[in-house]
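Following: one structure in structure tokens, then a few remarks.
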Amino acid sequence: MTQKQSFYLFKIGMIAVFLLSLALRFWGLGRFNTLVFDEVYYAQFAENYLTQTSFFDGHPPLGKYIIAIGMWLSSYFPFWQDTVNTLTGVVRSPWSYRWINALFGAFIPMIISGIAYQLSYRRSFAFLAGLFAACDGIFLVESRYALINQYIVIFGLLGQWLLLLALANTKKQRRLYLILSGISFGAAIATKWNGLFFLIGVYLNWILGWLKQHFAAKDTVIDKINTINNTSDYDSTAELRQPSTILTISEKPTTKPLLLPLQKIGQLKILTAAFYLGIIPLITYSLIWIPHLLQNPKHGLIEVHTQIFSFHDRLGGNTSDIHPYCAAWYKWPLLTRPIAYFYQTASNPQEVVPIVGPSLPSGAGKIIYDVHAMGNPFLWWFGFAAILFLSVVILIKQIVIPSIRQNHLWINQSFSIDTGIALYLILNYAANLLPWVKVSRCVFIYHYMTAVVFAFLALAWLIDKCFRSSHIELRAFGLVVISLIIIAFIFWMPIYLGLPLSPGAYKLRMWFTSWI
């Protein structure tokens with residue numbers, strides 16, 4: 001297959017992934033004419049911004065700003081107005097407070113693909129990463145309702161993608177990408193504070209890159225790395241002797257090898273990193289608060305943060321006594337406690353779904369409507385296994401064991417780009433998961449969304465390696481994994497979309513009692 005054919009095939013595949021994501025998010029978006037789960041807070045808070053009503057919220061304001069913009073724009077649409085309610089205090093259709101989330105959410109697979117491509121310049125890896133993200137359940141559910149968790153992921157991943165683009169470009173263009181990256185990280189934190197974890201992941205990789213350069217001998221050539229197709233090594237200093245090449249998704253040099261963006265992260269100077277990845281995010285975060293503070297002038301910026309700290313401190317322990325769906329961090333990777341966002345029963349599929357009041361008496365409901373904030377089980381389980389595999393094979397083999405032998409921290413400065421990608425994914429996964437170990441308040445499985453995206457990337461990277469292997473068993477394994485993920489997505493789709501199910505069909509999808 002020629003490079004041109006490969007590019008067009010990749011382009012068609014990514015368009016298909018995007019259209020699939022878009023269609024699943026918009027289809028039946030107004031199915032439940034009510035406020036689902038935390039829509040009772042976020043849709044109402046968004047309405048408060050439009051009506052200039054004072055209120056307190058336990059999170060920064062950006063996510064609610066976006067929902068409010070969607071609600072404001074929807075008043076100019078000549079459609080989606082057939083079904084309305086007054087649950088936000090104003091007559092609105094459920095589409096009005098959901099559509100903008102559906103639109104933003106459809107881009108998550110594309111951003112993940114962009115990161116995968118910039119890490120490796122491999123279109124197959126990028127496509128698999130986007131496909132896996134499009135086949136996940138919790139991201140589909142979160143983007144179909146007026147919720148804010150997806151915006152942490154969107155802006156956090158966008159910040160990392162823009163950083164990799166900055167490292168891939170010339171000095172003048174690099175500055176622009178770094179500014180946009182810093183703004184994106186600030187936006188992630190301004191959605192929820194755990195958006196900071198994406199930035200911590202970058203810091204960890206930057207420190208690793210600096211250590212890698214520090215351990216390299218001063219009089220040696222910069223690391224030899226594999227070419228794009230991993231067929232030969234090359235002199236990486238060639239890039240320093242030739243004009244810079246801007247690699248876009250549609251072009252890949254065949255005559256001159258180059259350093260991948262990730263290999264340049266250690267070249268960022270301390271002051272550069274502090275400004276673009278420290279000061280700019282802080283300024284962005286502070287500026288985003290201004291509209292909220294103008295509308296709620298009772299408390300200044302510092303006092304608002306004090307109140308938010310107190311709010312979360314009062315949420316209590318992480319047990320079912322506080323909330324039936326509380327789930328400690330170690331339960332997330334194995335998907336042992338998802339959340340039912342909506343559950344109602346009806347006598348038949350033609351009956352209007354009851355949106356208020358109790359469900360029908362036990363045994364009377366013949367049709368179940370359930371919306372479960374649950375990941376794709378096989379995608380999550382295989383993704384977690386991929387992270388564990390990389391941690392054992394790469395982290396321990398490349399750093400831990402050599403450090404023990406040397407009796408001090410030791411990093412092999414000549415490790416391959418494959419090892420660098422693995423460490424990038426491991427460090428980002430850890431940065432987004434391990435801080436929750438010390439959190440004592442009630443937490444939920446949706447807090448894992450910021451970490452699980454790197455498990456998707458890890459799995460896509462390993463499956464791509466399987467397909468490139470000469471062993472037919474590995475290629476077959478990769479095909480089986482992809483098939484299981486797609487089949488599982490289709491199988492559990494009714495509880496992602498809230499489609500009517502018979503009691504038997506519903507029970508068939510609840511594999512464990514802890515899922516109910």
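Below, each value reflects all heavy atoms present in this structure, side chains not excepted, and no hydrogens, waters or symmetry copies.
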Report task. Apply side chain to side chain donor-acceptor pair (under 3.5 Å) to the pair Trp492 and Tyr496, showing each step before the final yes or no. Result -> CA-CA 7 Å; Trp492 274 285; Tyr496 300 147; over 6 Å; no
Query raised in the report: Should Ile189 and Leu282 be marked as a side-chain contact (heavy atoms from CB on, under 4.5 Å) after you check the CA-CA gap, both sets of side-chain angles, and the distance that decides it?
Result: CA-CA 9 Å; Ile189 304 169; Leu282 179 61; over 6 Å; no
Requested in this report: Evaluate side-chain contact (heavy atoms from CB on, under 4.5 Å) for Leu22 paired with Leu103, printing each intermediate quantity in order.
Outcome: CA-CA 7 Å; Leu22 195 67; Leu103 180 62; 4.2 Å; yes
**Report entry** Working for side-chain contact (heavy atoms from CB on, under 4.5 Å), residues Phe104 and Ser143
**Finding:** CA-CA 8 Å; Phe104 271 79; Ser143 58; over 6 Å; no
Query raised in the report: Stepwise, does the ring pair (Phe, Tyr, Trp, His ring centres under 6.0 Å) test hold for Trp329 with Tyr448?
Result: CA-CA 8 Å; Trp329 66 276; Tyr448 185 55; 9.9 Å; no
Report task. Test Trp332 against Leu433 for side-chain contact (heavy atoms from CB on, under 4.5 Å), laying out the working first. Result -> CA-CA 9 Å; Trp332 304 340; Leu433 177 63; 3.7 Å; yes
Report task. Carefully, step by step, assess Asn194 and Trp436 under the rule side chain to side chain donor-acceptor pair (under 3.5 Å). Result -> CA-CA 9 Å; Asn194 55 305; Trp436 294 103; over 6 Å; no
**Report entry** Working for ring pair (Phe, Tyr, Trp, His ring centres under 6.0 Å), residues Trp72 and Tyr49
**Finding:** CA-CA 10 Å; Trp72 174 70; Tyr49 283 125; over 10 Å; no
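In this structure, Ser113 contributes its side chain and Ala126 its backbone to a donor-acceptor pair below 3.5 Å. For the pair Thr272 (side chain) and Leu268 (backbone), a donor-acceptor distance under 3.5 Å is absent. Looking only at distances, a side-chain donor or acceptor of Thr336 sits under 3.5 Å from a matching main-chain atom of Lys331. Counting only distance, with no hydrogens or angles, the side chain of Asp136 and the backbone of Phe132 share no donor-acceptor pair below 3.5 Å. A donor-acceptor pair is defined here as one N or O able to donate and one able to accept, closer than 3.5 Å; such a pair exists between the side chain of Arg174 and the backbone of Leu167. Listed for the Arg98 side chain is a donor-acceptor partner under 3.5 Å among the backbone atoms of Leu29. Counting only distance, with no hydrogens or angles, the side chain of Ser120 and the backbone of Ala116 share a donor-acceptor pair below 3.5 Å. With hydrogens and angles disregarded, no donor-acceptor distance shorter than 3.5 Å links the side chain of Asn376 to the backbone of Gly137. In terms of modelled atom types and a separation under 3.5 Å, the side chain of Arg25 and the main chain of Arg144 share no donor-acceptor contact.
Contact record, Ala190 with Pro60: O-CB, 2.9 Å, taken as the closest heavy-atom pair. Across all their heavy atoms, Leu459 and Ile485 have their closest contact at CD2-CD1, 3.7 Å. Nearest heavy-atom pair, Ser181 versus Leu277, reported as atom, atom and distance to 0.1 Å: OG-CD2, 4.1 Å. Summarising the geometry of Phe444 relative to Tyr325, their closest heavy-atom pair is CD2-O, 3.4 Å, with the distance given to 0.1 Å. Shown here for Ile200 and Ala431, the closest heavy-atom pair between the two residues is CG2-CB, 4.0 Å. Taking every heavy atom of both residues into account, Tyr341 and Val36 meet most closely at O-CG1, 3.6 Å.
Between the CG atom of Leu178 and the CG atom of Leu165 there is a distance of 10.5 Å, given to the nearest 0.5 Å. Expressed to the nearest 0.5 Å, how far CD1 of Ile486 lies from CG of Leu131 amounts to 5.0 Å. We find the CD1-CD1 distance between Ile421 and Ile426 to be 12.0 Å, quoted to the nearest 0.5 Å. Considering CD1 of Ile445 and NE2 of His372, their distance stands at 9.5 Å, rounded to 0.5 Å. Atom CD1 of Ile115 is separated from atom CG of Leu163 by 10.0 Å, given to the nearest 0.5 angstrom. If you take NE2 on His447 and CZ on Phe197, they are separated by 9.5 Å, rounding to the nearest 0.5 Å.
Open room surrounds CZ on Phe309; 12 or fewer heavy atoms of other groups in view lie less than 6.0 Å from it. Within 6.0 Å of CG in Leu271 there are 12 or fewer heavy atoms belonging to other residues, nucleotides or ligands.
At a cut-off of 3.5 Å, with distance as the only test, no side-chain donor of Arg475 or Ser470 sits close to an acceptor on the other residue. Side chains of Gln3 and Ser6: no donor on one and acceptor on the other come within 3.5 Å. Side-chain atoms of His292 and Tyr65 include no donor-acceptor pair closer than 3.5 Å.
In this structure, Phe378 and Phe491 have side chains that are not in contact, with every pair of non-hydrogen atoms separated by 4.5 Å or more. A heavy-atom distance below 4.5 Å is not found between the side chains of His59 and Thr191. Side-chain contact between Gln160 and Gln118: absent, with no pair of heavy atoms (C-beta onward) separated by less than 4.5 Å. No side-chain heavy atom of Phe456 sits less than 4.5 Å from a side-chain heavy atom of Trp461. Taking 4.5 Å as the limit, every side-chain heavy atom of Tyr330 sits out of range of all side-chain heavy atoms of Val437. With a 4.5 Å cut-off on side-chain heavy atoms, Leu427 and Tyr203 do not count as touching. Asp464 has its side chain within reach of Arg468: a pair of non-hydrogen atoms, C-beta onward, lies under 4.5 Å apart. Using a 4.5 Å cut-off on side-chain heavy atoms (C-beta onward), Tyr177 and Trp161 make no contact.
With sequence neighbours excluded, the residues forming a disulfide (SG to SG under 2.5 Å) with Cys442 are Cys326, listed by chain and number. Residues passing the ring-ring contact (aromatic ring centres under 6.0 Å, His included) test with Tyr97: none are found, sequence neighbours excluded.
Ring orientation note: the planes of Phe18 and Phe107 are tilted relative to one another, at an angle of 30° to 60°. Ring geometry for Phe454 against Tyr424 counts as perpendicular: the plane angle is over 60°, on a 0 to 90° scale with 30° as the lower cut. Relative ring orientation between Phe477 and Phe382 is described as perpendicular, the plane-to-plane angle rising above 60° on a 0-90° scale split at 30° and 60°.
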Do any side-chain atoms of residues 147-158 form donor-acceptor pairs under 3.5 angstrom with protein atoms, and if so which ones, sequence neighbours left out?
from, atom 1, to, atom 2, distance (Å)
Asn149, OD1, Lys192, NZ, 2.8
Asn149, ND2, Glu142, OE1, 3.1
Asn149, ND2, Glu142, OE2, 3.4
Gln150, NE2, Asn101, O, 2.9
Tyr151, OH, Asn101, OD1, 2.6

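Aromatic rings from Trp80 and Phe77 are positioned such that their centres are separated by under 6.0 Å.
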